[in-house]
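For the numbers below, each heavy atom of this structure counts, side chains included, while hydrogens, waters and symmetry mates do not.
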Amino acid sequence: MAAAQRIVIENCAIATVDADDTEYASGHVVLAGNRIESVGAGKAPEGLENVVRRIDASGHLVTPGLINTHHHFYQWITRGLATDHNLFDWLVALYPVWARIDEPMVRAAAQGSLAMMARGGVTTAMDHHYVFPHGSGDLSGAIIGAARDMGVRFTLARGSMDRSEKDGGLPPDFAVETLDGALAATEETVRQHHDSSFDAMTQVAVAPCSPFSVSTELLRDGAQLARRLGVRLHTHGSETVEEEKFCHELFGMGPTEYFESTGWLGEDVWMAHCVHMNDSDIAAFARTKTGVAHCPSSNARLAAGIARVPDMLAAGVPVGLGVDGTASNESGELHTELRNALLINRLGAHKEAALNARQALRLGTYGGAQVLGRVAETGSLEPGKLADLVLWKLDTLAHASIADPVTALVFGAAAPVTASFVNGRQIVEDGRLLTVDEDAIARSTRDEARRLARIAAQG
């Protein structure tokens, strides 16, 4: 790092979210190139060379960048629909619309989803994209390109479905792939786009959609493919009571047993939701270090239930936060999920002891890095880790009278982002994106949403 250009951030409160939850009431962070060089109390060390910028961050809290562990970007252009449905009814209502998406729609939707997250403090995003209508274009390339242009670190969970209406599934027949086609396309996406290096900006996971939209063969063969290629695995699991009933009726076992029988438990796996988990399910996840993407707002929007996050954490299950698709979380922001995770979990069995502010922040940072398999690189502010961090402004009307900055961030209103850095590059300044034109994205998402609605209405 000796010859690297340095950025010095000083006079800020710091929550490192390291193993000891180290915090500084007034401290500094030094970035050297794309790495964190030092973090500590007081002013930065004297005599630093190649300092290209000094930031007086008085009135701010600096945290690791937020990490989103579950999303469906394409849903940005179908927000506000089926607002009073449970999951299965919601899927039945929306699959005929989603089955008409194409590459320009997916590109615009990815830009909208990424922009909303990035300007709200997300530095690592992911997208679980599983709808590939016949002849719809290069959807994976469009999504990856949008993330690259935005400047965020990104994992594409290349999804798939091969169980359509004719097989007892929910998607229309023309919106699913064949078993062989899905596996081949997934492998090609991994080989073309996955970067396994320490500071990778793009990674790919293997991600069949869910037990009720894919065959057993696709799950089993997908797990084998992922492990042969050395990438992670992602899917939906135990989201609703209807899913549990489906698994018992079709497979003679619950979702967790079914996943284990197909090779889908392990430290290289993370699953979205995991709302309906009994003690043995949680023990199986803990034993195998299978991760969970907790999506509190989406679970509430679809009336799916309250995930047992405190019990998962106590058992040692890795847990991160997810926005989920914006057809079931119209705000599309992860920083609001810090607050929602804390509040919703306090409605469960553990009440006020369910989560505290620092546990919520850990879910959105270090926990997310755990489930994405990147805890060595990001998720906490420590020397040698990647320079992914956020400066939250906490001295305005919304937060100034809350003495503890972490409490202000989690319990208070959504805090303004003064600056967000990814890989040492600033991508947000004073709540606005520096890498893309937000207003142009707003126009394109509106236009593509209207075009999709017209096409869907025509059948």
Side-chain angles (χ1 to χ4, degrees), residues 9-17 21 23-29 55-68 79 112-123 125 152 294-298 300-301 321-323 326 329-347 352 354-368 381 388-422 426-434 438-439 442:
I9 305 167
E10 294 180 303
N11 305 320
C12 48
I14 301 171
T16 67
V17 200
D21 269 333
E23 296 181 13
Y24 303 102
S26 181
H28 69 272
V29 182
I55 299 174
D56 180 357
S58 301
H60 289 77
L61 171 67
V62 176
T63 72
L66 300 184
I67 297 174
N68 182 36
R79 294 191 296 165
S113 295
L114 285 160
M116 201 67 190
M117 285 187 294
R119 73 177 196 168
V122 168
T123 56
V152 298
H294 176 45
C295 306
S297 293
S298 176
R301 158 67 149 89
L321 288 182
V323 170
T326 50
N329 179 3
E330 276 73 6
S331 77
E333 298 174 300
L334 191 69
H335 60 316
T336 58
E337 299 304 295
L338 301 175
R339 186 174 193 263
N340 290 343
L342 185 148
L343 297 181
I344 289 175
N345 278 282
R346 288 188 176 188
L347 296 175
E352 70 277 4
L355 290 176
N356 60 38
R358 283 159 177 82
Q359 288 173 311
L361 178 59
R362 179 170 288 275
L363 289 178
T365 52
Y366 190 91
L381 301 180
D388 298 358
L389 68 160
V390 180
L391 280 68
W392 307 93
K393 188 170 178 59
L394 298 179
D395 60 357
T396 67
L397 173 65
H399 304 92
S401 60
I402 304 176
D404 175 51
V406 176
T407 296
L409 177 68
V410 174
F411 278 86
V417 173
T418 294
S420 181
F421 292 85
V422 182
Q426 187 173 353
I427 66 167
V428 177
E429 184 169 13
D430 295 329
R432 295 286 293 185
L433 292 162
L434 297 176
E438 292 182 31
D439 297 328

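- Within the 4.5 Å cutoff, the side chain of Ile9 has heavy atoms near those of the Ile55 side chain.
- Across all non-hydrogen atoms, the minimal contact from Ala57 to Leu391 is CB-CD2, 3.9 Å.
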Apply side-chain contact (heavy atoms from CB on, under 4.5 Å) to the pair Thr123 and Val152, showing each step before the final yes or no.
-> CA-CA 5 Å; Thr123 56; Val152 298; over 6 Å; no
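- Using a 4.0 Å cut-off between charged side-chain N and carboxylate O, Lys393 and Asp430 make no salt bridge.
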Worked verdict on Val390 versus Val62 for side-chain contact (heavy atoms from CB on, under 4.5 Å) = CA-CA 6 Å; Val390 180; Val62 176; over 6 Å; no
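- Within the model, atoms CE of Met117 and OG of Ser420 stand 12.0 Å from one another, a figure rounded to the nearest 0.5 Å.
- Atom CG of Asp388 is separated from atom CD1 of Ile67 by 7.5 Å, given to the nearest 0.5 angstrom.
- Of all heavy-atom pairs between Thr407 and Ala357, the closest is CA-CB, 4.2 Å.
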Take Phe411 and Leu342, measure what side-chain contact (heavy atoms from CB on, under 4.5 Å) needs, and give me the verdict at the end.
-> CA-CA 8 Å; Phe411 278 86; Leu342 185 148; 3.7 Å; yes
Tell me, with the steps shown, if Leu363 and Leu355 meet side-chain contact (heavy atoms from CB on, under 4.5 Å).
-> CA-CA 10 Å; Leu363 289 178; Leu355 290 176; 4.0 Å; yes
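- When all heavy atoms of Glu330 and Arg79 are compared, the closest pair comes out as O-NH1, 2.6 Å.
- No side-chain heavy atom of Asn68 sits less than 4.5 Å from a side-chain heavy atom of Leu321.
- Glu23 and Arg358 are joined by a salt bridge, as a carboxylate oxygen and a charged side-chain nitrogen come within less than 4.0 angstrom of each other.
- When side chains are defined from C-beta on, Asn11 counts as touching Ser58, because their heavy atoms get closer than 4.5 Å.
- Within the 4.5 Å cutoff, side-chain heavy atoms of Leu361 are placed close to those of Thr63.
- Here the CG-OH distance, from Leu381 to Tyr366, works out to 13.0 Å after rounding to the nearest 0.5 Å.
- Of all heavy-atom pairs spanning Val406 and Ala15, the tightest one is CG2-CB, 4.0 Å.
- With hydrogens and angles left out, the side-chain atoms of Asn345 and His294 include a donor and acceptor closer than 3.5 Å.
- Residues Glu337 and Ser297 have side chains that bring a donor and an acceptor to within less than 3.5 angstrom of each other.
- Rounded to the nearest 0.5 angstrom, Leu334 CG and Met116 CE are separated by 12.0 Å.
- Trp392 places none of its side-chain heavy atoms less than 4.5 Å from the side chain of His399.
- Pairing each heavy atom of Gly322 with each of Pro296, the nearest pair is O-CD, 4.4 Å.
- In terms of modelled atom types and a separation under 3.5 Å, the side chain of Thr336 and the main chain of Glu333 share a donor-acceptor contact.
- Distance check: Thr418 OG1 to Gln426 CD gives 9.5 Å after rounding to the nearest 0.5 Å.
- The minimum heavy-atom distance between Gly332 and Thr326, with the atom names listed, is CA-CG2, 3.5 Å.
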